[in-house]
Amino acid sequence: MIELVVLLANVAYCTLAILSEWSPDDYTRRLFFMNIGLVFLTPVLFKYQAMLFVYGTALFPIMYLLMGLTFPNEYDRGGAFLLLGGLNLLLILLLAAFTKGSRFIDGLLFSLIPSFFIGLFSVGFPHYW
C-alpha cells in the first residue's frame, strides 16, 4: 500500500488534468502543491522506514515540477528535464552503492519511471499531444 500512495495520487491528478484540459502552467502549479502537501502529510500518516520511502518517491517528482514552474521557455525546460533525469539516475547509483537496504533508495528507484513521466508532463507533453 505504501508503495502506491504517491504514484496513485499523481496518476489520478494527471488524468484529471488531461481530461479537464487545464493549461500547462495551471496543472504544473497544482500538481506541485499537491505533492508538497503529500510530503507534509507523510509524517502524520506513516512512520519510520515507510516515511523515508514516501520521501524517496516524492523527491524527484517535486524537483521536476519545480523545474516546470521556474523555467518559462519549453527549450529550457527540456534541457533541465534531461539534467534532472541524469541526476536522478546518478543519485540512485551512488546511494545504492554506498548504502544497503535503505527505504529512501527504494523510494527513489520506485519513482524513476513515474518521475520521468511527470517531467514530460511538466515540459508540456500532454498540451502538445
Taking atom [atom1] of [X] and atom [atom2] of [Y], what is their separation to the nearest 0.5 Å?
X: L95; Y: I105; atom1: CG; atom2: CD1; answer: 4.0 Å
X: L87; Y: L94; atom1: CG; atom2: CG; answer: 9.5 Å
X: F32; Y: Y64; atom1: CZ; atom2: OH; answer: 15.5 Å

Within the structure provided, determine whether [X] and [Y] are in side-chain contact (heavy-atom separation under 4.5 Å).
X: L108; Y: L112; value: no
X: L16; Y: L19; value: no
X: R29; Y: L65; value: no
X: L59; Y: N88; value: no
X: L91; Y: F60; value: yes

Would [X] and [Y] show up in the same hydrophobic cluster when neighbours are defined by side-chain heavy atoms closer than 4.5 Å?
X: I62; Y: L90; answer: no
X: M34; Y: F40; answer: yes
X: F81; Y: L83; answer: no
X: L66; Y: L82; answer: yes

